[in-house]
Structures are given as structure tokens and as C-alpha cells.
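Atoms considered below: every heavy atom in the structure, side chains included; atoms not considered: hydrogens, waters and symmetry mates. Numbers restart at 1 for each chain; the letters A, B, ... are given by sequence-line order, proteins then strands.
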Protein chains: 2
Amino acid sequence: MRPLFHPAIEDVRPEAILHALADPNRAAIFAKIMRAGCVEACSALAAVGDRVIPKSSLSNHFKVLREAGLIRSERHGVEVRNSSRWAEVEARFPGLLTGIINAYASDAGADSADATAAGPR
Amino acid sequence: MRPLFHPAIEDVRPEAILHALADPNRAAIFAKIMRAGCVEACSALAAVGDRVIPKSSLSNHFKVLREAGLIRSERHGVEVRNSSRWAEVEARFPGLLTGIINAYASDAGADSADATAAGPR
DNA sequence: TCCAACAGTTCCGAAGTTCCGAACTATGGG
DNA sequence: CCCATAGTTCGGAACTTCGGAACTGTTGGA
């Protein structure tokens with residue numbers, strides 16, 4: 001197991017963030033990590049809405065979010081804790097995450113992701 | 001040739017917008033349409049930075065932007081004029097496009113897209 | 001009217017990406 | 001040491017993207 005690479009905040013690219021959050025599952029996971037007081041184990045997020053996401057897909061989603069610079073993951077014994085890098089990303093790209101999370105939230109009335117009420121962190 | 005489908009603004013999904021703008025070429029094209037007084041022929045955008053984009057790829061990029069609800073395309077004789085749907089999208093998802101375009105613009109100092117801050121309309 | 005030039009679109013194969021089950025690797029407890 | 005738990009890696013099927021060649025539709029000229 002490789003030691004979990006995180007990009008420095010100045011290496012974070014907007015296209016990576018958009019790509020990561022263009023998947024509603026990942027956007028929902030990210031929104032949940034933000035709202036959940038900032039730390040969540042991977043397995044706590046296995047279900048998004050009514051759909052169960054297989055472990056291998058989940059693992060990949062976390063990798064994409066991590067490498068986009070959106071979350072920070074640390075191994076704590078047997079589990080991995082994820083925290084959002086909201087503040088850093090917001091400082092680098094002001095308004096970007098807010099706009100995206102609000103867009104999903106305002107769309108959620110119609111269907112899908114439980115990304116309701118985008119309170120920052 | 002099919003008659004150019006545009007989604008109604010209420011059918012526009014955030015994931016489609018993020019997906020469309022997650023490609024730096026498309027983001028640059030969109031930024032250019034916005035800044036260029038709102039109407040541009042496809043061929044006027046064939047080169048993004050120093051790279052020449054093949055016609056077929058361009059055609060596809062426009063299709064993705066159109067179907068995401070970001071631009072409106074109309075045939076005028078032999079050419080297609082594209083205008084941005086900024087106002088509509090901004091009304092539906094406030095701050096989303098602003099955040100994205102600013103993110104690319106503030107990243108442009110480092111490289112890539114010529115989406116440098118607010119050109120003449 | 002016919003033809004060439006032009007602006008875009010469609011088609012299709014190669015290359016790349018994503019998804020997910022199965023097998024695997026750490027870590028911690030008994 | 002062995003098992004359970006939490007996550008990762010592998011690999012193949014399904015999907016997406018890219019771009020060249022061939023196509024369609026429009027216009028202007030002979």
C-alpha cells in the first residue's frame with residue numbers, strides 16, 4: 001500500500017476539481033465529508049442515497065477526490081479518515097466549491113444527491 | 001443534419017456543466033464565447049492557445065457545451081453562431097459559472113487557457 | 001444550372017477511462 | 001497465530017474520447 005499522495009495546494013488544478021465533482025456520487029461524498037464535521041471513515045459513506053457503491057469503486061472515488069486536492073486522507077490503524085480541504089481550496093479558488101455545492105444542493109430538490117444545505121464544513 | 005437540441009434551463013444538470021467545463025479546451029472555448037460579445041462562429045475558435053483542434057473534435061466540444069446548457073447555437077447560412085447562456089445558467093445556479101471561470105483565470109497565470117480576467121465583454 | 005469552396009457533422013477505429021467483482025494487503029483483537 | 005475488518009489492487013467488460021476521412025448543406029462564381 002502506497003503512502004497516500006496529496007497534491008500541494010498550489011498544484012491543484014481547476015480541471016481536476018471539476019472532473020472529480022462532475023460525478024454526482026463523488027460530489028455527494030465530498031458534501032458529506034464537509035458537513036460531517038470534517039472527518040469520516042471511507043466505509044461510513046458506502047451508501048449514497050439509496051444506492052450501494054462497491055468498495056472498489058469507493059476506493060477509487062476517494063483516490064480521485066484526494067488527487068484533485070479536495071480531501072485529505074490519513075490512515076488511523078485499520079481505517080482511513082478523510083477530511084475536506086475546503087479552506088485551502090476556497091482560498092486558492094474563491095467561490096468555486098461554494099458554487100458547485102450550492103448547484104448540487106439546489107438541484108437536489110428535483111432528485112438524486114442528498115447534498116442539501118451546503119453549509120461550509 | 002439534425003436541428004441542434006438545447007435543453008430547457010430547468011433541465012440543465014450541474015454534473016453536465018461540470019463535466020463540460022472539466023475539459024480545459026472546452027472551458028477556454030466557453031470563456032472566449034462569453035468574452036467575445038456573446039456570438040462566435042465555431043471556426044473562429046479553432047485554435048486554443050497554441051494547439052490546433054481538429055474540426056471533428058471541435059464539433060463535439062460544441063455539442064457537449066450545447067447539451068450541457070452552456071451555449072446556444074444557431075445556424076446562419078453556412079456557419080453556426082454560438083452565444084453563451086450565462087445569464088440563464090447564473091440565475092439557475094448562482095455563483096457556479098463565476099467560480100469556475102475565475103478558477104481557470106486565476107490558474108492561467110501558471111499556464112494553459114487564455115481565460116485571463118475580464119477582457120472587453 | 002452546375003460546380004467548387006467552405007462550415008460543420010457524422011462515422012468509425014484506436015486509445016483511454018470507468019466500473020465493479022474477486023483476490024489481495026495491512027492492522028488490531030482474542 | 002488466526003480471524004475479522006477496512007481498504008487497495010487487479011483485470012476484463014462497457015463506455016467515452018479523439019481525430020481522420022467521408023459526408024451534408026449553403027453560398028458564390030462561371
Side-chain angles (χ1 to χ4, degrees), chain A residues 1-6 13 15-30 32-33 36 39-68 70-83 112, chain B residues 1-6 13 15-30 32-33 36 39-68 71-83:
Chain A
M1 275 172 186
R2 262 185 278 46
L4 297 178
F5 170 75
H6 296 84
R13 330 241 61 220
E15 58 265 41
I17 292 180
L18 297 198
H19 173 76
L21 296 179
D23 181 313
N25 284 336
R26 280 194 296 256
I29 290 171
F30 180 65
K32 214 162 173 182
I33 291 176
V39 171
E40 283 283 288
C42 295
S43 53
L45 299 149
V48 165
D50 50 354
R51 197 156 129 43
V52 174
I53 302 176
K55 285 206 306 174
S56 55
S57 309
L58 253 193
S59 182
N60 189 51
H61 287 328
F62 280 103
K63 185 174 166 222
V64 172
L65 290 171
R66 193 184 328 116
E67 297 187 349
L70 288 166
I71 63 174
R72 195 175 290 285
S73 311
E74 299 165 85
R75 291 184 204 286
H76 278 260
V78 78
E79 69 183 16
V80 174
R81 311 267 186 80
N82 298 286
S83 49
S112 73
Chain B
M1 275 170 189
R2 264 184 272 32
L4 296 177
F5 170 75
H6 296 84
R13 329 240 60 221
E15 58 266 41
I17 292 180
L18 297 198
H19 172 77
L21 296 179
D23 180 312
N25 284 336
R26 280 192 299 254
I29 290 171
F30 180 65
K32 216 163 171 180
I33 291 175
V39 170
E40 282 284 287
C42 296
S43 53
L45 299 148
V48 166
D50 50 354
R51 197 156 130 42
V52 174
I53 303 175
K55 286 203 309 174
S56 56
S57 308
L58 252 194
S59 182
N60 189 51
H61 287 328
F62 280 103
K63 185 174 166 222
V64 172
L65 289 171
R66 192 184 329 115
E67 296 187 347
I71 63 175
R72 194 175 291 285
S73 312
E74 299 164 86
R75 292 184 204 286
H76 278 259
V78 78
E79 67 182 18
V80 174
R81 311 266 186 80
N82 298 286
S83 49

Q. Taking the side chain of B:Glu79 as heavy atoms from C-beta outward, which of C:dC6, C:dG8, C:dT9 is closest to it?
A. C:dG8
Q: List in chain and number order the residues that pass side chain to side chain donor-acceptor pair (under 3.5 Å) with A:Ser73, two or more places apart in sequence or in another chain; answer none if no residue qualifies.
A: A:Arg66, A:Asn82
**Q.** Set of side chain to side chain donor-acceptor pair (under 3.5 Å) partners for A:His19, sequence neighbours left out
**A.** none
**Q.** Separation of atom NZ in B:Lys63 from atom P in C:dT9, rounded to whole Å
**A.** 10 Å
**Q.** Options D:dG7, D:dT8, D:dA6, nucleotide nearest the side-chain atoms of A:Val78
**A.** D:dA6
Q.
Under the rule for side-chain contact (heavy atoms from CB on, under 4.5 Å), what residues qualify as partners of A:Ser59, not counting sequence neighbours?
A. none
Q. Can you tell me how far P of D:dT8 sits from CG of A:Leu58, to the nearest Å?
A. 9 Å
Q) Mind checking what makes salt bridge (Lys or Arg N to Asp or Glu O under 4.0 Å) contact with B:Arg72, not counting sequence neighbours? A) B:Glu88
Q. Rounded to the Å, how far apart are B:Phe5 CZ and C:dT9 C1'?
A. 18 Å
Q.
Expressed as a whole number of angstroms, how long is the span from B:Ile53:CD1 to D:dC18:P?
A. 10 Å
**Q.** Interatomic distance, A:Glu74 CD vs D:dA6 C1' [rounded to whole Å]
**A.** 16 Å
(Q) Can you measure A:Arg75 atom CZ to C:dT27 atom C1' for me and round it to whole angstrom units? (A) 11 Å
Q) Donor-acceptor pair under 3.5 Å: do we get one between A:Ser56's side chain and the base of C:dG21? A) yes
Q: Starting from C1' on C:dC20, measure out to CZ on A:Phe62 and report it in whole angstrom.
A: 16 Å
Q: Mind listing the closest non-hydrogen atom pair of B:Ala16 and B:Ala68 along with its distance?
A: O-CB, 3.7 Å
Produce the list of close N/O pairs, under 3.5 Å, pairing protein atoms with atoms of nucleotides 13-19 of chain C; give distances to one decimal.
| unit_1 | atom_1 | unit_2 | atom_2 | d |
| --- | --- | --- | --- | --- |
| C:dT18 | OP1 | A:His19 | NE2 | 3.0 |

Q) Given atom CG of B:Leu4 and atom P of D:dG25, what is their separation to the nearest angstrom? A) 13 Å
Q: Could you check if a side-chain atom of B:Asp23 sits within less than 4.5 angstrom of a side-chain atom of B:Val64, using non-hydrogen atoms only?
A: no
Q. How about A:Phe62 and A:Ile33: do any of their side-chain heavy atoms sit closer than 4.5 Å?
A. yes
